[in-house]
Amino acid sequence: MAQNVRVRYAPSPTGVPHVGNIRTALFNWLFARHHGGAFILRIEDTDVARTVPGAVEAIMGGLEWLGLDWDEGPKVGGYYGPYFQSQRLGIYGQEAQRLVAEGWAYRCFCSPERLAEMRKEQMSRHQPPGYDRRCRSLSEREVFPGVAPVVRFKTPLEGETRFLDLIRGEVVVENRTLDDFILLKSDGYPTYHLASVVDDHLMAISHVMRADEWLASTPRHMLLYQALGYPPPHFAHLPMILGPDRSKLSKRHGATSIMEFREQGYLPQAMVNFLALLGWSLDDKTEIMSRQELIRHFSLERIGKTGAIFSHEKLGWMNGVYLRQLSLEDLLAQVLPYLERDLSPPVPRPLDRGYVAQALALVQERMRILREAAELTDFFFLADVEYPAALLYQGLAKGALEGSDAAARAMTALEAVVPRLKHLNSWDAASLEGLLRPLAYELRLTTGQLFGLLRVAVTGRTAAPPLFQTMAVLGRERCLRRLTAALGKLASLQASP
RNA sequence: GGCGCAUUCGUCUAGCGGCCCAGGACACCUCCCUCUCAAGGAGGAGAUCGGGGGUUCGAAUCCCCCAUGCGCUACCA
């Protein structure tokens, strides 16, 4: 692999880029960076009907978000452009023409209707579907005026085609199992087969790394390289990414668009790390790897052969790992947009950065994705917290105490706490703890009972960050107001049992 | 139907003839820490290496057959 490594990621702009495609891009990028080669982005927009506006931007946006920079392609240009196949139609037409002239291909005038019917019949007779080669023997002058022909490849009727796949090893296919596939469509656009072979050659691609679904077409491509007189590149077919049902991952498996992951708050570095491990591994234990480490260690030899199910579960864990590694400033910068977006509307914007930072410090290790930030911290921002009154005293109801007794005990506790909090000299976590811990003993409550009660009163929930730090961040005023509100809840409970 | 590729814990994987009655990670369970939830730490459960034949002193690792899965079989990529 001493030669110049040039690899490409060649998506078709038919929709939003999904993680399967992106993983292919990542492997190509890692391979290029590892070998100091070039990573090329080429847009395969040869299907006019399926091309969707904005898809190219989405693809580039996805790559940029993940930090997969390309050396040649849209935006950056390059010596081998243009990088949109729709702008290279002349080249494909020329090469197709050449193949016809040299006897490697022929024009076919069969109508789509005839082809469809033929296919249907073949299927019903349990025959392998494929073009019956009716136009293969037409002479140069036998043309059908008014019918725009397609150009088909004259696949050899005998012999076999073999090639070495860097991941699978040698693959052999009998030529007679291949039909005369289309090179140029009647609208003048090339099919994938023609366009990718021509461009991979013209763009001096050294290694074609693409998804496994292309393995079966590669013999056709080999035949084309021969006919066109091009030396073929190396091939490496990547294992596919599967949905939970083990079929090719697609939209019906839920969130698969790379941008959806971004919106949910996955970090690009976590995404890169996770995707790299889908089909590739370094050894038997290393999982968390930086971009640089991935580049340093990436190699074709360590790519697996079997499809991998995309596990949201593990991705979530890994994202949490990366989230915890962030400095507070970085975390703040990452989370702010999500909070602005997800916090309930009554919370005044813009958020106070200093205050948000204090709250974030308390939830950093509890977050898996940024999307959860609002839910984890909303009580820091809301004017009042809402919760069922029963939460206040449920921790006190254990043992022989009846519910109403527990509520009464909760009231007693709160009544003892409020005035002391009011007069606490210094409002910080240590002082709060110094006051409240002995108080629990005094009230004949366990710390768990007292702190649990206060946690509910102050945050409205039973699971939250450590109490004293939380109260310190919330501030005296907010805490007292909530404690008083809790007292009110309990009182009205007593009034109407 | 034809052709191709694949098959190790639920999942991602390590393993490339003896170091493996199979190692790591996620998820799960238990315990520790502890004001809850996390995080962290320590354990546990979980794979007759798809099945069957070989080869070999010895196979998850090599060969053959079968089964299953997936992919391709479009004027889609």
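Reminder, nothing fancy here: chain letters follow the sequence lines and each chain counts from 1.
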- Task: Could you check whether A:V171 gets within reach of a base, just the sugar-phosphate, or nothing at all, counting any heavy atom under 4.0 Å?
- Result: sugar-phosphate
- Item | Per A:W317 side chain, nearest of listed nucleotides B:A25, B:A77, B:U36 | B:A25
- Task: Both distances under 3.5 Å, Watson-Crick or G-U wobble: report the partner of B:C57, or none.
- Result: B:G18
- Query: Among the nucleotides B:C72, B:A25, B:G1, which one has an atom lying closest to any side-chain atom of A:P129?
  - Reply: B:G1
- Message: By nearest atom, which of the nucleotides B:A6, B:G71, B:A77 is closest to the A:T46 side chain?
- Response: B:A77
- Nearest to the side chain of A:D47, which nucleotide is it out of B:C76, B:G71, B:A25? B:C76
Less than 3.5 Å apart, which donor and acceptor atoms pair up between the side chains of residues 450-459 of chain A and the rest of the protein, not counting sequence neighbours?
unit_1	atom_1	unit_2	atom_2	d
A:T459	OG1	A:R455	O	2.6
A:T459	OG1	A:R461	N	3.2
A:T459	OG1	A:R461	O	3.2

- Message: Checking contacts here: which listed nucleotide (B:G1, B:C75, B:U36) is nearest the side-chain heavy atoms of A:R366?
- Response: B:U36
- Message: Considering every strand and a 4.0 Å limit on heavy-atom distances, what is the contact class for A:R324: base, sugar-phosphate, or nothing?
- Response: sugar-phosphate
- Atom CD of A:E170: over 12 foreign heavy atoms under 6.0 Å: yes
- Message: Return the pairing partner of B:A67 with a 3.5 Å limit on both distances, Watson-Crick or G-U wobble; otherwise return none.
- Response: B:U7
- Item | Proximal nucleotide (of B:A25, B:G2, B:A77) relative to the A:P128 side chain | B:G2
- Closest to the A:S281 side chain, choosing from B:A14, B:C35, B:A25: B:A14
- Item | Distance in angstrom units between A:D199 CG and B:A77 P, rounded | 13 Å
- So what does A:A308 touch, heavy atoms closer than 4.0 Å: a base, only the sugar-phosphate, or nothing? sugar-phosphate
- Task: Considering only atom P, compute the distance from B:G46 to B:G24 and round it to an integer number of Å.
- Result: 14 Å
- Take atom CD in A:E375; do more than 12 heavy atoms of anything else shown fall under 6.0 Å from it? no
- Query: When only distance counts, do a donor and an acceptor, one from the side chain of A:S186 and one from the base of B:C75, lie under 3.5 Å apart?
  - Reply: yes
- With heavy atoms under 4.0 Å as the rule, sort A:V172 into base, sugar-phosphate or nothing. sugar-phosphate
- Query: Can the ring centroids of A:W214 and A:Y192 be said to lie less than 6.0 angstrom from one another?
  - Reply: yes
- Message: Heavy atoms within less than 4.0 Å of RNA chain B: which residues of residues 210-221 of chain A have one? Give them sorted by number.
- Response: A:E213, A:W214, A:L215, A:A216, A:R220
- With both distances kept under 3.5 Å, what pairs with B:U30, Watson-Crick or G-U wobble? B:A42
- Contacts of type side chain to side chain donor-acceptor pair (under 3.5 Å), residue A:T306, not counting sequence neighbours: none
- Message: Run the side chain to side chain donor-acceptor pair (under 3.5 Å) test against A:R176 and tell me which residues pass, sequence neighbours left out.
- Response: none
- Residues within residues 236-246 of chain A bordering RNA chain B, heavy-atom distance below 4.0 Å: A:M240, A:R246
- How about A:E117: does its CD atom have over 12 heavy atoms from other parts shown lying under 6.0 Å from it? no
- Residue pairs passing the salt bridge (charged side-chain N to carboxylate O under 4.0 Å, His left out) test where at least one lies in residues 438-453 of chain A, sequence neighbours excluded: A:R420-A:E442
- Message: Whether the side chain of A:K285 and the base of B:A25 hold a donor-acceptor pair under 3.5 Å is what I'd like checked.
- Response: no
- Measure from the side-chain heavy atoms of A:R152 and tell me the nearest of B:C35, B:C75, B:A6. B:C75
- Qualifying residue for side chain to side chain donor-acceptor pair (under 3.5 Å) with A:D180, from A:R134, A:R152, A:R133: A:R133
